[in-house]
Amino acid sequence: MDFYKDSCPQAEDIIREQVKLLYKNHKNTAFSWLRNIFHDCAVQSCDASLLLDSTRRSLSEKEMDRSFGMRNFRYIETIKEAVERECPGVVSCADILVLSARDGIVSVGGPYIPLKTGRRDGRKSRAEILEQYLPDHNESMSVVLERFASMGVDTPGLVALLGSHSVGRTHCVKLVHRLYPEVDPALNPNHVEHMLYKCPDAIPDPKAVQYVRNDRGTPMILDNNYYRNILDNKGLLLVDHQLATDKRTKPYVKKMAKSQSYFFKEFSRAITILSENNPLTGNKGEIRKQCNMVNKHN
């Protein structure tokens with residue numbers, strides 16, 4: 001657990017403090033940290049490859065369509081700088097990414113999850129293989145279940161991870177296929193009016209600030225309201241709708257809709273598995289000086 005207890009004993013406190021400060025000033029950072037752990041760790045390894053900028057030779061994972069809407073990466077650098085001031089060259093960006101997600105989950109009312117440290121940073125972007133690992137929002141439930149199972153996340157674990165859609169918002173770009181040219185009949189008609197009001201264009205401008213909140217009731221709180229919404233046909237994404245209707249996942253959706261503690265238990269377990277997906281340890285990888293670029297080797 002406490003990989004840095006001798007080399008940088010304050011590391012976790014500094015990260016927690018920074019996450020709190022950032023959350024106070026920019027509430028949406030907590031949602032970004034939660035999304036980061038999924039987008040980084042689900043793609044082969046929890047090695048902060050997500051954070052690397054594009055170079056002449058390789059495209060950044062951040063530029064890919066699957067990463068649409070991800071932001072606040074500059075604040076990961078803020079956390080890294082604070083840690084570097086205390087212990088230069090000791091704490092990896094991969095650990096900062098995972099611990100900021102853990103502390104972000106707490107900021108939005110979720111459970112505290114004890115996570116291991118000691119990951120090292122990868123030296124290459126995985127943009128070209130990203131889509132083989134990250135399921136898209138309109139993929140079939142079989143594909144989604146399969147992708148997660150390959151990381152060791154079982155069906156209740158997947159249902160719990162999708163509970164992350166209880167916070168944050170979804171860009172109209174990802175929704176309009178359910179509204180235009182015809183409204184998806186599976187959507188709750190009372191919800192459709194709000195969605196059409198927020199997404200008035202059949203072809204929205206990806207740069208426009210056109211979003212629908214994932215959970216209108218408690219948009220800033222990670223809670224089991226999401227499961228009640230999707231059972232009521234108010235899921236925004238196709239994957240949300242399928243989760244509530246597929247016979248493999250529906251029993252867990254119902255159970256989580258009834259019990260927040262069951263949701264939190266499964267969510268904590270799934271985040272733990274995700275955070276331990278194939279990390280670089282020992283002398284593999286490196287400890288980056290800056291999270292958005294690999295170290296220069298003379």
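Just so you know, these numbers come straight off a predicted model, no measurement behind them. Positions are given from 1 along the sequence. Only heavy atoms go into these numbers, but all of them, side chains included; no hydrogens, no water, no symmetry mates.
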After noting the C-alpha distance and the side-chain angles of Arg248 and Ser142, does the key distance pass the side chain to side chain donor-acceptor pair (under 3.5 Å) rule?
CA-CA 9 Å; Arg248 292 165 290 184; Ser142 295; 3.1 Å; yes
Kindly give the heavy-atom pair with the smallest separation between Leu52 and Gly122, and that separation in Å.
CD1-O, 4.4 Å
Are Val90 and Ile287 linked, directly or through intermediate hydrophobic residues, by side-chain heavy-atom contacts shorter than 4.5 Å (ILVMFWY only)?
no
Please determine whether side-chain contact (heavy atoms from CB on, under 4.5 Å) holds for the pair Val183 and Arg178, giving the CA-CA distance in whole Å, both sets of side-chain angles, and the decisive distance to 0.1 Å.
CA-CA 6 Å; Val183 170; Arg178 298 193 71 196; over 6 Å; no
Please round to the nearest 0.5 Å and tell me the distance separating atom CD of Glu139 and atom CD of Glu146.
10.0 Å
Has Arg57 got a side-chain atom pairing as donor or acceptor with Ser54's backbone, closer than 3.5 angstrom?
no
Under a 3.5 Å distance rule, please check whether Ser58 uses its side chain to pair with a backbone N or O of Thr55 as donor and acceptor.
no
Partner of Val153 under side chain to side chain contact (heavy atoms under 4.5 Å, CB included), picked from Thr272, Ile271, Leu161, is Leu161
I need the minimum non-hydrogen distance between Arg102 and Ile113, along with the two atoms involved.
CD-O, 2.7 Å
Let's go through Asp121 and Leu280 carefully: what are the C-alpha distance in whole Å and the side-chain angles of both, what is the deciding distance for side-chain contact (heavy atoms from CB on, under 4.5 Å) to 0.1 Å, and is it a yes or a no?
CA-CA 7 Å; Asp121 298 323; Leu280 303 177; over 6 Å; no
Do Ser261 and Ser259 have side-chain atoms, one donor and one acceptor, less than 3.5 Å apart?
yes
Are any non-hydrogen side-chain atoms of Arg269 and Asp154 less than 4.5 angstrom apart?
yes
Would the distance check show the side chain of Ser125 and the main-chain N or O of Leu50 forming a donor-acceptor pair, the cut-off being under 3.5 Å?
no
Answer with yes or no whether the side chains of Asp53 and Ser60 bring together a donor and an acceptor at under 3.5 Å.
no
Transitively linked via ILVMFWY side-chain contacts under 4.5 Å: Val253 with Val239?
yes
So Trp33 and Asn72, do their side chains get closer than 4.5 Å, heavy atoms only?
yes
Lys289, NZ atom: more than 12 neighbouring heavy atoms under 6.0 Å
no
Test item: Leu237 and Asn138 side chains (from C-beta on) under 4.5 Å apart, heavy atoms
no
What residue among Phe267, Phe263, Tyr262 forms ring pair (Phe, Tyr, Trp, His ring centres under 6.0 Å) with Tyr227?
Phe263
Ser275 versus Ile37, closest heavy-atom pair with distance:
CB-CD1, 4.1 Å
Is it true that the side chains of Ser45 and Asn278 contain a donor and an acceptor less than 3.5 Å apart?
no
Does any N or O in the side chain of Gln242 come within less than 3.5 Å of the main-chain N or O of Met141, such that one atom is a donor and the other an acceptor?
yes
Do His241 side-chain atoms and Leu187 backbone N/O form a donor-acceptor pair below 3.5 Å?
no
Which atom names give the shortest non-hydrogen contact between Val176 and Val173, and what distance separates them?
CG2-O, 3.8 Å
Indicate whether any N or O donor in one side chain lies under 3.5 Å from an N or O acceptor in the other, for Thr117 and Asp95.
no
Check: Gly285 main-chain N/O paired with Asp47 side-chain donor or acceptor under 3.5 Å
no
Check: Asn28 main-chain N/O paired with His26 side-chain donor or acceptor under 3.5 Å:
no
Counting only heavy atoms not in Asp205 (residues, nucleotides, ligands), do more than 12 fall under 6.0 Å from its CG?
yes
Spatial distance of atom CG (Asn283) from atom CZ (Arg120) [nearest 0.5 Å]
7.0 Å
Determine, stepwise, if the pair Lys255 / Lys258 fulfils side-chain contact (heavy atoms from CB on, under 4.5 Å).
CA-CA 5 Å; Lys255 207 171 162 182; Lys258 280 200 187 78; 5.9 Å; no
Test of understanding: clusters of I, L, V, M, F, W, Y form through side-chain heavy atoms closer than 4.5 Å, transitively. Do Ile105 and Met70 belong to the same one?
yes
Is it the case that one hydrophobic cluster holds both Leu238 and Phe148, taking links as side-chain heavy atoms less than 4.5 Å apart, direct or via other members?
no
Within a reach of under 6.0 Å around CD of Glu182, are more than 12 heavy atoms found that belong to other residues, nucleotides or ligands?
no
If only atom types and distance count, is the side chain of Ser67 paired as donor or acceptor with the main-chain N or O of Glu63 below 3.5 Å?
no
Within a strict 4.5 Å, meaning less than it, do heavy atoms of the Val98 and Cys46 side chains meet?
yes
Would you kindly say whether Ser49 and Glu61 are connected by a side-chain donor-acceptor distance under 3.5 Å?
yes
In the structure I gave you, are the side-chain heavy atoms of Leu175 and Lys198 within less than 4.5 Å of one another anywhere?
no
Does Tyr133 form a side chain to side chain donor-acceptor pair (under 3.5 Å) with Arg147? I'd like the steps, not just the answer.
CA-CA 6 Å; Tyr133 290 88; Arg147 298 268 172 100; over 6 Å; no
Sub-4.5 Å side-chain heavy-atom contact between Arg119 and Phe3
no
Looking only at heavy atoms, the pair that brings Leu231 and Ala257 closest together is CD1-CB, 3.8 Å
Please step through salt bridge (Lys or Arg N to Asp or Glu O under 4.0 Å) for the pair Asp136 and Arg66, ending with a clear verdict.
CA-CA 7 Å; Asp136 204 6; Arg66 289 283 199 283; 3.7 Å; yes
Regarding Asn214 and Thr170, is there a side-chain donor-to-acceptor distance under 3.5 Å anywhere?
yes
OG1-CG distance between Thr29 and Asp103, expressed to the nearest 0.5 angstrom:
11.5 Å
So, Asn188 side chain and Asn190 main chain: donor-acceptor pair closer than 3.5 Å or not?
yes
More than 12 non-hydrogen atoms from neighbouring residues, nucleotides or ligands closer than 6.0 Å to CZ on Arg213, yes or no?
no
Check whether any side-chain heavy atom of Asn36 sits under 4.5 Å from a side-chain heavy atom of Phe73, and report yes or no.
yes
Heavy-atom side-chain proximity of Met293 to Lys296 below 4.5 angstrom
yes
Nearest 0.5 Å, please: how far is CD in Glu286 from CZ in Arg288?
6.5 Å
Donor-acceptor contact present, side-chain Lys80 to main-chain Val91, <3.5 Å
yes
Any side-chain donor near an acceptor of the partner, Ser100 and Arg16, under 3.5 Å:
no
State whether a side-chain donor-acceptor pair under 3.5 Å links His165 with Asp240.
yes
Steps toward side-chain contact (heavy atoms from CB on, under 4.5 Å) verdict (Gln210, Cys199)
CA-CA 6 Å; Gln210 290 187 323; Cys199 301; 5.5 Å; no
With Tyr23, which residues qualify under ring pair (Phe, Tyr, Trp, His ring centres under 6.0 Å), at least two apart?
none
Going only through I, L, V, M, F, W and Y residues with side-chain contacts under 4.5 Å, is there a path from Val167 to Phe38?
yes
